[in-house]
There are 2 protein chains.
Amino acid sequence: MLSKKTKYGLKAMTYLARQENNEPVQIGVISKSENISQKFLESILLTLRKNGFLGSKKGKGGGYYLLKDPKDIKMSAVMRILEGPIAMVPCVSLNFYETCDDCPDENACAVHNLMIEVRDSTLNIFNNRSLADLI
Amino acid sequence: MLSKKTKYGLKAMTYLARQENNEPVQIGVISKSENISQKFLESILLTLRKNGFLGSKKGKGGGYYLLKDPKDIKMSAVMRILEGPIAMVPCVSLNFYETCDDCPDENACAVHNLMIEVRDSTLNIFNNRSLADLI
DNA sequence: TATTATCCTATCGGATTACTAGGATATAAA
DNA sequence: TTTATATCCTAGTAATCCGATAGGATAATA
């Protein structure tokens, strides 16, 4: 299940992508327009900024804006920051790999191999979709 | 993330699929072999039985067994019982559909359309893989 | 009748999620 | 230089979910 955090983050980013001249937009404006709790959105935009997706300006006329062209913001990158692993199990995750407690042999695990298939097909979508495609 | 419930359920089913003549296997045998808490597995096998995947026999020589040929047990069906929706958001789920609180227009939602793509590719895998493929 | 194994309901601790509180800091306009 | 504006940042919290457990009821076999 996609977390609200990820959903809200994606919606906010598409909102920013639609701005003329990449003008800064205030949190309150986005939160009202997209029906998102302002304080919650605040923390989400903060992590997006800390991870290099957004820039910010303080004071009057301030707000958040995209740091890159929407075409260059891959969904896989955003998903990994907001949602975490793309894989359904840690033992097939490329960026968040963990061994399973219960599995003596990963390659012999039936679930493992099925989940590799799912990961590959999902990753294929997220790698080939950018923020520009969402608009 | 795939829940332990689903993972354990799938592992138990593949264990049963490997039995000669579809002989009943006791919970304790599976739980030991697959390193799964016996009581937890008990509840999982119970729901699989109630949903028509497994049959059971009480008393000595009893246990659980598959009710269908592994080839005829589609992953999509098992996933929906154990994990719930295959889609990442309820608003694109075919079997567990729910509207979003924050979305006034589903079709205009950027996240919505991306998640339809993901759902379709995942569903395509689960619909075309059976328990027999896991072995 | 004793033993075996599933059936069933209820519960519980811990982790995660969605969200909130409250002030610190920086910027811009007056 | 003051005031208003808006982000920055650290905690905290209520609610929910997950994984696992307890303990007995029921049914089948020997």
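Side-chain atoms are counted along with the backbone in the values below, which use heavy atoms only and exclude waters and symmetry mates. Predicted, not measured: the structure shown is a model, and the values here were computed from it. Proteins get letters first, then strands, A, B, ... in listed order; numbering begins at 1 in each.
Picking from dT7(D), dC8(C), dT6(C) the nucleotide with the shortest atom distance to the side chain of Gln26(B) gives dT6(C). When distances are taken from the side chain of Tyr8(B) to each of dA20(D), dC8(D), dC7(C), the shortest belongs to dA20(D). In this structure, the nucleotide among dC7(C), dC8(D), dT7(D) sitting nearest to the side chain of Ile27(A) is dT7(D). In this structure, of dG19(D), dC19(C), dC7(C), it is dC7(C) that holds the atom nearest to the side chain of Ser56(B).
Mapping Lys5(A) and Leu46(B) onto DNA chain C via the closest heavy atom, the residue that lands nearer the 5' end is Leu46(B).
The OG1 atom of Thr122(A) sits 11.0 Å away from the CD atom of Glu117(A) when rounded to the nearest 0.5 Å. We find the NZ-CG distance between Lys68(A) and Leu66(A) to be 10.0 Å, quoted to the nearest 0.5 Å.
Straight-line distance from the CG atom of Leu48(B) to the C1' atom of dC7(C): 15 Å, rounded to whole Å. Residue Leu82(A) contributes atom CG, which lies 14 Å from atom C1' of dA18(C) at whole-angstrom precision. In this structure, Ile36(A) places its CD1 atom 10 Å from P of dC19(C), rounding to the nearest Å. What separates NZ of Lys4(A) from C1' of dT17(C) is a distance of 11 Å, to the nearest Å. For the pair Leu54(A) CG and dA6(D) P, the computed distance is 18 Å after rounding to whole Å. Summarising the geometry, the separation between NZ on Lys50(A) and C1' on dT7(D) is reported as 12 Å, rounded to the nearest angstrom. With rounding to whole Å, Met1(A) atom CE is found 19 Å from dT16(C) atom P.
Listed for the Ser31(A) side chain is a donor-acceptor partner under 3.5 Å among the backbone atoms of Gly28(A).
Lys7(A) comes within 4.0 angstrom of nothing in the nucleic acid, heavy atoms only. At a threshold of 4.0 angstrom between heavy atoms, the contacts of Leu45(A) with the nucleic acid are absent. Counting non-hydrogen atoms under 4.0 angstrom, Gly28(A) reaches nothing in the nucleic acid.
Crowding of Asp101(A) atom CG: a count of heavy atoms from other residues, nucleotides or ligands under 6.0 Å not exceeding 12.
The closest side-chain donor-acceptor pair between Ser3(B) and Glu83(B) falls under 3.5 angstrom.
Using a 4.5 Å heavy-atom cutoff, the side chains of Asn124(B) and Asp120(B) are not in contact.
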Just by protein heavy atoms under 4.0 Å, how would nucleotides 20-30 of chain C read 5' to 3' in B, S and -? BBB--BSBS--
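Within the structure, the side chain to side chain donor-acceptor pair (under 3.5 Å) test picks out the following pairs touching residues 11-22 of chain A (sequence neighbours left out): Lys11(A)-Asp102(B).
The side chain of Arg49(A) contributes no N or O atom lying less than 4.0 Å from OP1 or OP2 of dA6(D).
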